[in-house]
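As a basis for the values below, the full set of heavy atoms in this structure was taken, side chains included, without hydrogen atoms, waters or symmetry mates. Bear in mind the structure is a predicted one, so any value in this text is a computation, not a measurement.
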Amino acid sequence: MSQEFPTQSPKRSKVVPLVKPERDLAWQVAPTLLTSFRYAWMGISYALRTQRNFRIHVCLGSIAIGLGLLLKATVVELAVIGLTIGLVLAMELLNTAIESVVDLTVKQTYHELAKVAKDCAAAAVLVAAIAAVLVAGCILFPKLWLVLQVIL
């Protein structure tokens, strides 16, 4: 049963039916859960191949986890570091997706709103990365400081 809402026109009342979008063929995109995971892995591998910053975040995240293991961080501390690394990587993937869609839309032309979208997506990655560095620093720095005091 479709609902009807009047439009916002002040002169006359026109009824516009709300139609549910056709999704009959949506199952053909990813018919199985395994196919969905394969598509997701294709996105990660694309980012690893083409996005320098994604590779940098993966390397720094690996170093943070390795340092946490070396310094005997607790499971909860490692989980918190891992979650912040995951947040940064997810933001970097979203940034890549937004940049790709914006580039597809505006093609080779400049548009101020395209710049805003791309700059804000990049800023989201920056905010997440700064948060991850602060979290990892708060967890790992005291442990590292103790180790350095013993060595020196």
- Query: Looking only at atom types and distance, does a side-chain atom of T96 sit under 3.5 Å from a main-chain N or O of E92, one as donor and one as acceptor?
  - Reply: yes
- Message: Tell me whether E77 contacts the main-chain N or O of T74 through its side chain, where contact means a donor paired with an acceptor under 3.5 Å.
- Response: yes
- Task: Take S36 and T32, measure what side-chain contact (heavy atoms from CB on, under 4.5 Å) needs, and give me the verdict at the end.
- Result: CA-CA 7 Å; S36 295; T32 66; over 6 Å; no
Between [X] and [Y], which heavy-atom pair has the shortest distance, and what is it?
X	Y	result
K143	L71	CD-O, 3.9 Å
A132	V88	CB-CG2, 3.7 Å
M91	A128	CG-CB, 3.9 Å
A121	N95	CB-OD1, 3.1 Å
P142	G137	CD-O, 3.7 Å
I81	A64	CG2-CB, 4.1 Å

Please say yes or no: joined through hydrophobic side-chain contacts below 4.5 Å, possibly via intermediate residues, are [X] and [Y] part of one cluster?
X	Y	answer
V58	I56	no
L93	V102	no
L60	I85	no
L69	W145	no
I98	V101	no

- Item | Check against side-chain contact (heavy atoms from CB on, under 4.5 Å), N53 and V125 | CA-CA 10 Å; N53 291 347; V125 177; over 6 Å; no
- Task: Please report the C-alpha distance between L146 and V150 in whole Å, then the side-chain angles of each, then the deciding distance to 0.1 Å, and finally whether the side-chain contact (heavy atoms from CB on, under 4.5 Å) criterion is met.
- Result: CA-CA 6 Å; L146 288 174; V150 169; 5.8 Å; no
So how far is it from [X] [atom1] to [Y] [atom2], rounded to the nearest 0.5 Å?
X	Y	atom1	atom2	answer
I139	T84	CD1	OG1	7.0 Å
R38	S45	CZ	OG	11.0 Å
H57	L87	NE2	CG	10.5 Å

- Query: For I130, which of V127, L134, V133 qualifies under side-chain contact (heavy atoms from CB on, under 4.5 Å)?
  - Reply: L134
- Query: Looking only at side chains, do Q108 and Y110 share a donor and an acceptor under 3.5 Å apart?
  - Reply: no
